Novice: 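Structure incoming, see below.
Just so we're on the same page: letters track the sequence lines, and every chain starts at 1. What you are looking at is a predicted structure, and each value in this text was computed from that prediction instead of being measured.
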Amino acid sequence: MSPVEPPVTSPTDLAAAYAALADPVSAAGRARPIAGGTDLMVALTGELGAPPATVVDLWRLDSLRGITLDGDVLVLGALTTYTDIRRSTTCGEHLPALVQAAMTIGAAQIQNRGTLGGNIANASPAGDTLPVLLAADASFILGSVRGEREVPAEAFWTGYRQTALAPDELVLRIRIPLRSGREMRFRKVGTRRAQSISKVVLGLAWRDHGEMPDTTGPPGAWRDVRLALGSVAATPIRARATEAVLEGRFPTPETADLAATTLADELHPIDDVRSTAEYRRLVAARIVHRLIREAGGW
Amino acid sequence: MTTYHLTVNGAPAEVDVPGMRRLLDVLREDLALTGTKEGCGEGECGACTVLLDGAPVDACLVPVCQADRGDIRTVEGLAAPASSPGAPAALDPLQAAFLVTGGAQCGICTPGMLMAGRAYLDAGGGPDHDAIREAIAGNLCRCTGYTKIVEAIALVAGAHP
Amino acid sequence: MTTRTESLHALVVAPGTIAPGRVRPAPPRRREGPAKLTGTALYTDDIVVPGAWYGATLRSADPHATFIALDLDPAFDWSRVCVVTAADIPGENVVSSIKSDQPILVPIGGTIRHHAEPLALLAAPDRSTLREARGRVTARTVALPGVFDPLESDHTFASYTIGAGDDIEAAMARAEIVLEGEYRVGHQEQLYIENNAMIAVPTEGGGVTVTGSLQCPYYLHAALKRGLGLDDAAARVIQAETGGGFGGKEEFPSVIGLHAALLARKAQKPVRMIYDRHEDISATTKRHPAIVRHRTGVTADGRLVAQDIEIIMDGGAYCTLTPVVLSRGALHAGGPYRCPDVRIRARATRTNTPPNGAFRGFGAPQTEFAAEVHLDRLAERLGLSPLDIRRRNLYHPGDITPTGQVLRDSVAAEEVLERAAEASEFVRLRARTADARRRRAGSGSLPGSALRTDRERRASGIGLALAWHGAGFTGSGEIKLASVASIELTADGRVRVLTAATEMGQGTNTIFPQLVGEALGIPDDAIDLAPPDTAEVPDSGPTVASRTAMVVGGLLIKAARRLRGTVEAATGGSFAETAADYARQHGPTRIDQKFEPYPDSTTFDDELYRGDAYPAFGWAACVVQVDVDLDTGEVQVNEVVAADDVGHVIHPVLAEGQVEGGTLQAIGYATIEEIKLRDGRYLNDRLATYIIPTALDAPRISTILVEAPFHAAPHGAKGIGELPMDVGAPAVVAAIADATGVWITDLPASPERILAALTGRPDVAGPRPGESEPALPPAR
Ligand SMILES: Cc1cc2nc3c(=O)[nH]c(=O)nc-3n(C[C@H](O)[C@H](O)[C@H](O)COP(=O)(O)OP(=O)(O)OC[C@H]3O[C@@H](n4cnc5c(N)ncnc54)[C@H](O)[C@@H]3O)c2cc1C
Ligand code: FES
Ligand code: FES
């Protein structure tokens with residue numbers, strides 16, 4: 001069906017954006033923000049759920065752009081596009097897994113418009129940056145007329161396409177603590193090589209004792225293990241049982257077997273139009289097995 | 001309705017339309033530039049690709065409010081306009097290359113392909129086929145198998161070392 | 001392919017003409033290329049029609065139901081919109097096709113047979129009124145139980161038996177080895193990038209002119225006459241620039257064209273009926289899913305002794321072209337191989353899913369996929385190479401097909417196979433992949449558990465396939481069709497070609513002037529093409545079955561030769577020099593050339609399925625190299641060598657384009673294109689879920705064009721459009737098997753199916769083609 005054209009305002013400062021979003025008496029109903037529009041514009045036909053009644057355009061909020069280092073925290077504005085991430089030497093140096101994720105999203109046209117904030121707020125279980133953000137212990141700065149607050153990524157996605165955002169609240173910035181000795185791997189299994197939605201996507205992070213001044217123990221053992229996955233549950237998730245069995249272990253064949261088995265038990269994906277539950281479970285486990293194999297060099 | 005100021009193929013254009021109207025509809029319906037095509041309306045096919053401030057975007061996913069004061073290039077802006085009425089238009093080298101290699105069959109993906117290819121060339125892209133394939137991966141073609149499209153872009157890229 | 005190195009900068013081109021002032025390189029550039037490249041070509045949705053209304057189709061949501069009533073919300077002002085129901089149809093409520101089973105709109109009290117079935121039509125002066133009106137109409141229905149499995153259906157659209165009958169058991173008993181196998185393929189969407197689109201304009205006296213995206217103007221013309229009760233002149237069909245068809249715009253345009261025309265006639269306004277992608281995928285025809293069973297007997301040295309083949313195709317809810325698709329599928333089911341005893345039994349049944357229809361290859365890709373994979377499995381069983389088993393069995397001149405047709409000339413199975421194998425270094429590469437497979441198996445690191453990975457992550461494989469494809473219509477089709485193509489010498493001395501053959505990217509507009517120009521001895525750019533408009537051009541038959549170059553092109557050459565003869569006899573000079581004088585003296589001259597049966601062809605018996613099924617066959621071989629990710633089952637197709645025999649190459653660039661495009665469509669079919677169904681509804685009904693290959697998924701394709709001319713056609717051409725579609729999928733599956741050691745019997749050979757086979761866990765694969773997805777779990 002042809003798309004609807006709801007009313008839109010294009011504020012140029014945050015206060016005006018907050019006010020537009022907070023206006024509860026707009027006759028047409030609550031306003032929805034639009035960033036790059038690569039998810040929201042698709043909703044305008046109304047075939048995939050009710051289209052927004054009114055829209056607040058964030059595109060001119062330049063304070064939400066930019067990739068910077070704040071001490072040992074990497075800070076990305078919510079309007080950072082995938083193209084920005086790919087071009088950022090800061091990201092390339094400190095969080096290459098995020099660059100890898102950005103490279104797999106859509107293709108050039110989508111990467112030029114789609115934003116990190118949009119990926120987060122859209123809350124699709126298949127959002128490709130989300131496992132990276134989870135595995136990197138990211139947190140999000142949210143803002144509204146009531147002020148700003150920080151929510152850890154872990155607590156952000158509360159249910160299928162549901163988030164901790166209040167209806168009038170915006171994602172402003174993404175903060176990612178940089179940890180010494182952290183290794184991170186990203187892997188996406190999609191439907192094809194571009195313009196591809198994930199069947200399984202995951203981020204695996206760990207710290208190697210040898211690189212860490214603050215721990216003791218044999219070099220090579222894994223610490224602070226994070227395993228985050230997308231497209232295997234109603235939200236992006238952390239696989240805590242698998243993390244627990246990996247914690248403190250060496251990347252040996254036994255560890256890989258144990259992690260793969262634990263992960264397969266821990267996941268409860270579903271069949272859908274893109275893949276089967278069993279494929280997702282199996283592939284997630286095999287990828288983790290492979291990553292441990294590669295890290296262990298056996 | 002709001003008035004939006006665009007530069008389309010180098011010429012100023014003013015439209016008085018709802019801000020959430022898709023740039024695609026503004027081009028095709030309000031500005032009668034039907035060279036830009038709609039294949040899906042969902043960002044999947046790239047037939048609607050135009051350059052917005054030099055970057056390829058899917059015009060079906062950009063509300064016109066976000067293109068306000070933007071510089072837009074469409075397929076109609078590729079060939080140099082005819083020097084006199086009735087005279088032939090001078091094709092952009094990329095258009096000419098498509099004609100040579102056979103990069104356009106049914107032609108429906110062609111305007112979008114040309115714009116994605118043009119953006120790649122403008123950014124200094126070279127004749128490496130894999131890089132070209134990545135640059136046009138957001139543009140679906142069902143007729144050509146892509147081979148002759150990639151060849152056309154490589155031909156132009158190779159002509160400007 | 002050679003690299004072309006022409007200077008590009010000097011090229012100055014006006015729309016509609018070939019570069020002036022330059023020495024023309026042979027072959028000519030695509031005729032409508034400049035218009036397409038500059039954005040001035042007008043596709044249907046680009047055409048501005050002042051005052052046109054917007055049309056929409058109200059569809060069923062039930063796969064099978066009785067249509068009780070259409071409720072219009074009384075609170076809505078219906079005077080602002082036009083509503084058309086079955087009661088408004090002035091002619092017969094039938095979409096004209098092989099059978100008369102499909103209604104244009106389901107009447108009240110009638111039966112709804114699929115979930116996207118049209119129930120009523122709406123038109124409004126603007127889109128927002130239309131949208132609102134759509135929200136105010138509801139269809140009341142009473143659900144009926146649906147049939148979704150073609151094996152469970154009790155309604156058969158068509159069935160055929162070819163060959164040996166009951167003797168097959170005796171023949172099979174003579175074989176030293178017998179192998180059975182079942183192969184399944186699912187739906188495939190044509191996925192032309194331009195969606196179906198029509199604009200209907202009412203004309204005085206109750207007529208209607210429909211302009212749209214279509215392959216066969218005269219199919220829609222016939223449908224309009226019947227459905228609207230119009231005569232030849234009152235129904236007029238014009239083809240707009242068409243953004244791809246692949247069979248998807250063969251018979252379906254009759255449906256959307258009738259709908260637009262009915263709305264225009266009732267509203268007395270022009271009506272635009274433009275599908276969006278979601279509607280196009282949900283409601284239009286697809287390639288028929290099929291189940292193909294083989295039982296094959298061979299000698300120990302790999303010679304075919306007996307083939308017993310059973311084919312079941314899913315026709316969907318209505319007959320459309322199913323009998324002809326099934327027939328072509330059955331006629332090609334044995335593959336291009338000599339076999340003394342063959343029995344082919346084929347049937348197509350009805351299910352409560354949207355009707356399936358024409359798609360490049362027309363039944364043959366389904367059955368030849370099965371034939372080729374089965375042959376490879378036989379080779380594996382016998383320890384023969386895929387190349388050798390084919391060499392031992394492929395058709396040579398003088399061989400006899402299952403219908404009793406003697407293959408006389410133009411048999412190039414061997415040549416395409418050898419050329420493809422040689423160019424791809426098949427033997428050398430396969431030795432290497434076989435070594436690697438053996439090494440992996442012997443490495444001792446075989447995963448003991450499905451959750452464990454092997455040391456090597458990737459495996460490479462190479463596969464080949466061989467196919468034949470009957471050129472032109474099946475059996476007596478061309479004789480019944482009696483197409484006409486015309487050439488006119490206009491009063492001002494120009495030559496004009498008049499056919500109903502349409503351009504949709506394959507190059508009709510470019511090759512016809514080439515063929516006619518050569519026959520007349522004048523340059524191709526001195527020849528004009530009449531617009532594809534039923535008011536101007538004769539019925540030269542549909543633009544399908546790879547028949548355009550062979551049949552219509554052949555008619556044009558004959559017409560041109562006659563015209564040349566007439567002019568040269570009268571003037572005593574060459575046509576090129578004297579045609580203008582002749583035209584001045586005699587006025588316009590038009591030659592109508594009607595199809596005549598090819599000499600030496602025996603007629604085909606449509607009842608017994610005996611005789612010459614096709615005037616000639618085209619031959620294709622394809623070698624594919626893949627990498628398989630052993631962790632995930634993902635396949636990357638890297639290289640393809642395609643060798644296609646097209647009889648005579650009219651235009652190498654266009655011919656290569658057909659091979660490359662068809663090859664990628666076949667690779668998509670083989671690897672990622674899939675429609676899952678639940679209760680007869682397509683789940684992959686958007687471009688975000690129906691996946692086709694992008695430029696990054698596409699392999700490098702090298703094309704070898706082979707010429708084994710068909711002597712009964714004046715130029716020897718046999719058509720090319722469909723050949724590459726037959727070989728791609730089995731070659732991919734063979735390459736996957738070469739890489740991994742597992743045979744995938746269902747298409748697409750998705751990562752899910754590959755991983756299921758690799759790990760021995762069928763639940764990883766999900767339902768087979770033809771099986772329904774499990775019911776949804778209760779909402780969380
Ligand atoms: C063809 C195509 C391919 C795609 N491929 C991928 C892919 O490979 N991987 C992937 O993960 N995604 C993919 N996507 C989805 C999409 O591009 C991403 O999710 C993208 O990051 C969304 O960002 P956006 O700025 O475009 O969001 P928008 O569409 O502008 O917004 C998305 C949602 O988030 C809300 N929102 C946006 N910004 C904010 C904010 N700052 N604060 C609060 N709410 C906000 C909006 O209200 C809306 O509900 C694809 C989409 C398309 C059309
Ligand atoms: S129409 Fe915009 S991407 Fe398909
Ligand atoms: S040329 Fe037809 S889709 Fe690309």
Novice: Does the side chain of A:Arg113 come within less than 4.5 Å of B:Leu52's, by heavy atoms?
Specialist: yes
Novice: Tell me, for B:Pro63 versus chain A, whether the close heavy atoms (under 4.5 Å) come from the side chain, the backbone, both or neither.
Specialist: both
Novice: With sequence neighbours excluded, tell me which residues meet side chain to side chain contact (heavy atoms under 4.5 Å, CB included) with A:Arg161.
Specialist: A:Asn122, A:Ser124
Novice: Answer with side chain, backbone, both or neither: which region of B:Cys40 has an atom nearer than 4.5 Å to a non-hydrogen atom of chain A?
Specialist: neither
Novice: Using side-chain heavy atoms (C-beta onward) and a distance below 4.5 Å, is A:Met41 in contact with B:Asp58?
Specialist: no
Novice: What part of B:Val62 is in contact with chain A, defined as an atom under 4.5 angstrom from a non-hydrogen atom: side chain, backbone, both or neither?
Specialist: both
Novice: By a 4.5 Å heavy-atom criterion (distance strictly below it), what part of A:Pro6 contacts chain B: side chain, backbone, both, or neither?
Specialist: both
Novice: Ignoring hydrogens and geometry, is there a side-chain-to-backbone donor-acceptor pair from B:Glu42 to A:Val42 under 3.5 Å?
Specialist: no
Novice: Go through the atoms of A:Ala43 and report whether side chain, backbone, both or neither lie under 4.5 Å from a heavy atom of chain B.
Specialist: neither
Novice: Which atoms of A:Arg193 come close to chain B, meaning under 4.5 Å heavy atom to heavy atom: side chain ones, backbone ones, both, or neither?
Specialist: neither
Novice: So for A:Leu44, is it side chain, backbone, both, or neither that comes closer than 4.5 Å to the heavy atoms of chain B?
Specialist: side chain
Novice: Considering only heavy atoms, which portion of A:Ser10 lies under 4.5 Å from any heavy atom of chain B: side chain, backbone, both, or neither?
Specialist: side chain
